[in-house]
Amino acid sequence: MNAAPARIPRGPRSVLATALCAVATCAAVTALSHLIEPGRWLTVTWLAVGLTAAVVAGARAVTRSWWAPTLVGLVVAAAGVLVRYGAPPGRIQVLPDLGSLDRAMATAREGVAVINASLVPMPGVRPAELLVVVGAVLVLLVADLLAVGLGLPALAGIALLGLWVPTVFLGFPGGTGAVAWTGLAYLLLLALSAAPASAHSDRARRTGSALAGAAAVVVTALAAGPVVAALPGWASLALPSLGSGPVGPLQLSSNLDLRESLGTRSGQVVLRYTVVPPEGADAAAGTAPDLEVPTPAPSASDGPAVTARLIGPLRAFTLTSFDGREWQRDDATDVRTWEPGELLASDPGIRGGTPDAARGTLASVAVEVGALRERRLPVSTFPRTVTVDGAWSYDDGRDEVVGRRSTFDGMRYSMLVEVPDLTADDLAGARVGDPGDAGASLAVPTTEHAAEIEDLARSLTADATTPYEQAMALQSYFRAATNFTYDTRVAPARSEDAVWDFLQSRRGYCVQFATGMALMARTLDIPARVGVGFLPGDADGDGTYVVTGRKSHAWPELYFADQGWVRFEPTPAIQSGAPPLWSDPFAAIGPGDDVPDEALPSAAAPTGAATTAPVPTGPVVEQETEQSWTRVGVIGGVVLVALLLALPLVRRRTRTRADETPERAWLRARRRLASKGISWSDATTPRDAVLAVQSQVLAASGSELDAAAARALQQLARTVERQRYAPAPEDVATEDLLRWTDEVVDGVTSQLSGAGSGRPTR
């Protein structure tokens, strides 16, 4: 006996209802087109949905059961998935076998990994295609079960929303066509369920009314959608950490939680700007031209090129309050207006003045806002004038331009930036300054590992004699790829101290690196805060720099007397690029392949470089040991033992050669030298490590390192330095890395052995 409600579609009506469910599902799938690169994944998904719908409709034609067609469709779809995605590599499979499920599950896990590691739009690879196909088929089956099997077509819309969740959550528009076709198919499904099943005099009128109503709703939604989306505050979301796929326009988060992963960052264009030398009235009035690209004036032959990298990142705001896990921000309360042409700067000595080319390089910057909704205007970290329309104020303490309303698409403003001729020599003797924030930038949260973090900071900077040297030691420690790995995923918490967990896992992204250096600087009584904004954009070929949400970034700023807040860059180059010139050990060498040997230390004079800091522990990649075997009586036994011991070493050597990099070679050399008693700290730069090795060899043996070993050490250090700091690191052959490492270790070993001692005296 069939107890189904009378409104449940039967016969041709059920086939039409299933077809409408399939159309709505296929339309909803197109909403993912902005999240996944174009490819055959969309065609395959549509085909899978169509075939499943045909199977379900056919099963419903031969049974009156409300659940059997759905079960048949699920079984057939599962078999199809196993055949396509569970087949052995390189083979065509017609029927699934016992290993098909395991292979399909492995492909699905690979798809999840691709999603977690990809930026939008993600590649439409086969593993990702599997997840989309499975999701779409499940949505179809649920929607069909609700609309046709149970006679509840209104609830089918909930199932269709499942395909819109990624689009809504990540904030990428699904497209007008996807909305229109999904909505139209859903409304037609509702109209079909409301239409009378038998012939009546008003059948045509009621059906026409339902169709007209559905069309009116779709047209109204399409017409009103853009208007509603343009309203202030609509479709805007504060991102969890610096920008991970915004909903609508992008907005930087004011609270940075070290426990949150960065995830996928937005590819939307948030800023476009030009950077040129100022000319005539622009320089005199402290204004900049419109975004129309002007012809750059030739810069002085002895001055730096006026580029986006020169003016550095554009900072939106700064954060000072840290509770051990999260940076928090209070609303600005002490703000003021400023006069046109007035210099806005963190250094009170020049704040309120006018730009002066005698203090540095002037750069005229014209900015156009894109998909950015931010109440703090992104400006250069250097002193600058700001010309902008609207109600904007200036916060002297935070060096921020704050508005009553957010930026909007098409908004323009300009700056005349004064880039100081700041060098390492200027900061070498600089004292720690007082930023006037009542000690807020020196506050260290009382976490359970606060003492260990302070001890580590003082150990890393044990040989530093000035605040600048301490800052450079911390930056070198974090920036070295042998110490830390850039990773947007955050490891699970192991303690209540987020910074300590980062120092233990040694994996994180810019928020962790910036926080680690800022907190360590505070333990050394150096005022520190975190700046948040955007890295310089990419040139698009016509003189305009384009900044997307992927350029969102955080960095530490330290306060020095007579200099104000100074930016450092501990985040590895893979994300941040080259550090500022004053904190770039590579800047003294300059670009080019033919770098003179004098750029790296060659003298073997004793130095104050860190020599007593502990060498980090960990698994040894390769370690030379000398063992003496005692005869055990049987020659065959000795040979067998030797073969068993040699086999892992051969495999290890092969593996090492296959994935050798400058950083790995540097780490191997360091660990092999440590076994000889030659060591340096984690915060030692490559060029200081050269001095450390030479001075320790001289102290232990009484003579300088031989020329071949010294040359190999310099070449290896220079390669590592380029890898960490150069804008475009050079490629080095694996054979060269292995040869340099062996020459260094062999040379040091020979020198120490010739002195009659295997370990330097301390």
Side-chain angles (χ1 to χ4, degrees), residues 423-425 427-429 459-466 468-477 479-480 482-483 579 583-590 595-616 662-663 665-726 740-741 743-752 755 759-762:
T423 65
D425 293 336
L427 295 172
S459 173
L460 294 172
T461 60
D463 296 296
T465 58
T466 66
Y468 172 70
E469 289 182 0
Q470 290 177 320
M472 286 298 294
L474 294 179
Q475 178 182 273
S476 299
Y477 169 65
R479 199 173 176 89
T482 53
N483 297 333
S583 67
D584 187 355
F586 190 74
I589 298 179
V595 181
D597 294 337
E598 298 82 69
L600 286 174
S602 58
T607 179
T611 59
T612 59
V615 178
E663 290 286 0
W666 186 251
L667 180 60
R668 275 200 312 124
R670 180 180 178 184
R671 288 174 173 170
R672 293 174 64 182
L673 290 177
S675 68
K676 309 298 180 184
I678 307 298
S679 64
W680 59 87
S681 76
D682 288 339
T684 304
T685 62
R687 64 178 61 190
D688 287 337
V690 173
L691 288 174
V693 172
Q694 292 174 332
S695 63
Q696 292 178 66
V697 170
L698 177 62
S701 65
S703 58
E704 297 181 358
L705 189 62
D706 68 83
R711 174 72 176 178
L713 180 60
Q714 292 169 12
Q715 290 175 319
L716 183 58
R718 181 177 61 181
T719 302
V720 175
E721 193 170 58
R722 285 183 180 274
Q723 190 74 22
R724 294 182 184 177
Y725 299 104
W740 293 338
T741 302
E743 288 180 358
V744 170
V745 176
D746 293 343
V748 171
T749 302
S750 176
Q751 198 82 13
L752 297 179
R759 187 175 299 274
T761 58
R762 304 239 177 178

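Only this structure's heavy atoms are used, side chains among them; waters, hydrogens and symmetry mates stay out.
Counting only distance, with no hydrogens or angles, the side chain of Gln751 and the backbone of Val697 share no donor-acceptor pair below 3.5 Å. Counting only distance, with no hydrogens or angles, the side chain of Ser583 and the backbone of Pro579 share no donor-acceptor pair below 3.5 Å. Without hydrogens or angle criteria, Gln696 side chain to Ser679 main chain gives a donor-acceptor distance under 3.5 Å. In this structure, the side chain of Thr466 engages the main chain of Ala428 through a donor-acceptor pair within 3.5 Å. Judged by distance alone, with hydrogens and angles left aside, the side-chain atoms of Ser695 form a donor-acceptor pair with the main-chain N or O of Leu691 at under 3.5 Å. A donor-acceptor pair is defined here as one N or O able to donate and one able to accept, closer than 3.5 Å; no such pair exists between the side chain of Arg671 and the backbone of Trp666.
Taking all atoms of both residues into account, the shortest heavy-atom contact from Ala665 to Leu716 is CB-CD1, 4.1 Å. Pairing each heavy atom of Ala709 with each of Gly747, the nearest pair is CB-CA, 3.8 Å.
Side-chain contact of Asp688 with Thr685: a donor-acceptor pair under 3.5 Å is present, judged by distance alone. Side-chain N/O atoms of Glu469 and Thr461 include no donor and acceptor closer than 3.5 Å.
A distance of 5.5 Å separates CG in Leu752 from CD1 in Ile678, rounded to the nearest 0.5 Å. Between Asp706 atom CG and Glu743 atom CD the span is 9.0 Å, to the nearest 0.5 Å. To the nearest 0.5 Å, atom CH2 of residue Trp680 and atom CG of residue Leu673 are 5.0 Å apart.
Residues Leu667 and Glu663 fail the side-chain proximity criterion, which asks for heavy atoms closer than 4.5 Å. Between Lys676 and Thr749, some side-chain heavy-atom pair lies under the 4.5 Å cut-off. When side chains are defined from C-beta on, Ser681 counts as touching Thr684, because their heavy atoms get closer than 4.5 Å. When side chains are defined from C-beta on, Arg718 does not count as touching Pro686, because their heavy atoms never get closer than 4.5 Å. Contact annotation: the side chain of Arg672 approaches that of Thr741 to within less than 4.5 Å [non-hydrogen atoms, C-beta and beyond].
Remark: Tyr468 engages no residue in a ring-ring contact (aromatic ring centres under 6.0 Å, His included) (not counting sequence neighbours).
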